[in-house]
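Notes follow once the structure below has been shown.
Throughout, residue positions are numbered sequentially from 1 according to the sequence presented. Indexing begins at 1, ligand by ligand and atom by atom, following the structure's order.
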Amino acid sequence: MLKTVNTIKEARSIINEWKNKGLTVGFVPTMGFLHEGHISLIKKAKEQNDKVVVSIFVNPMQFSPNEDLEKYPRDFEADTKICEKNNVDMIFYPSCEEMYPDGFCSFVDMTGPSKELCGKSRPIHFRGVCTVVNKLFNIVMPDRAYFGQKDAQQLSVIKRMVKDLNMPIEIVGCPIIRESDGLAKSSRNKYLSESERKAALILSQTVFMGQKAVENGERDAKTLCDIMKRNIETEPMAKIDYVEAVDFDTVQKIDTLKGTVLVAIAVYIGNTRLIDNFIYTV
Ligand code: PAF
């Protein structure tokens, strides 16, 4: 039976009971407004663990003052229904005061992987993500935690954090879930007007095109990114933030594609910033 829990104390007490019985815990951290992408993470967590916890917390610390914290879509009732339908055991739904009480002043600040790609245009973002995910891990104490490849840099950053800080948690990356026309599922797709929704297809088209080029043997990062940029520029409503090829583990720029590479794009469609990517092992 699904239980919604608002306090750290209660979450810990229930999870401790599970752990004392030797049950494993899978964890899906989210900011709510759940969609098929989240559901795929929940299903994977269900497959691999005895109990599944989903957290719903729109984390103010990962938004800059000029970003969309206030208008970030929220629908707790719909989220609860989705969790119920997918046999989630606990929703952890804390308030801001519960997570960041007065006097809060400790942060997880990563260099390297968190400073590139989205880290350039969203300088405080990964500090907020690492801090909240660290706190959530300490509260939920999961055996495994599930993150979508749609936020590939976040996945790489979290893997690094867990390794660097010796957290005994397996990080499971799950494939990007797309709409039938290719657009990667994202809570932010809700911001798009009808014409923007059509224009947003340029992201997935460009990702598929880049992937094909790599599959056909392209190994020069600049040539690849230039082809992809030129394709995005054919869409008048699109404004490129970045198109880059990086090493997936270090998130550092590469000249030649080798090992496991992440080719990632961020593009504004109107005021909405969307991301997409592919990962390829050469
Ligand atoms: O990917 C997200 O929804 C968020 O960045 C996360 C991991 C829940 C942290 O707030």
Fill in: Minimum-distance protein heavy atom relative to atom 3 (O) of ligand 1
M31 CG, 3.6 Å

Discussion item. Salt bridge check, D181 against K198: does any charged N sit closer than 4.0 Å to a carboxylate O?
Written reply: no

Practice prompt. Determine, considering heavy atoms only, which of K135, Q62, H38 sits nearest to atom 4 (C) of ligand 1.
Written response: Q62

Worksheet item: Would you say N20 has more than 12 foreign heavy atoms packed within less than 6.0 Å of its CG?
Response: yes

What are the atoms of ligand 1, with element, lying closer than 4.0 Å to any heavy atom of [X]?
X    : result
V132 : 9 (C), 10 (O)
Q154 : 1 (O), 2 (C), 4 (C), 5 (O), 7 (C)
T30  : 8 (C)

Discussion item. Below 30° counts as parallel, above 60° as perpendicular, anything between as tilted: where do the rings of F137 and F147 land?
Written reply: perpendicular

Practice prompt. May I ask you to check if K71 and Y191 form a cation-pi contact, with NZ or CZ under 6.0 angstrom from the six-membered ring centre and within 45° of the axis?
Written response: yes

Worksheet item: If you round to the nearest 0.5 Å, how far is NZ of K159 from OG of S156?
Response: 7.5 Å

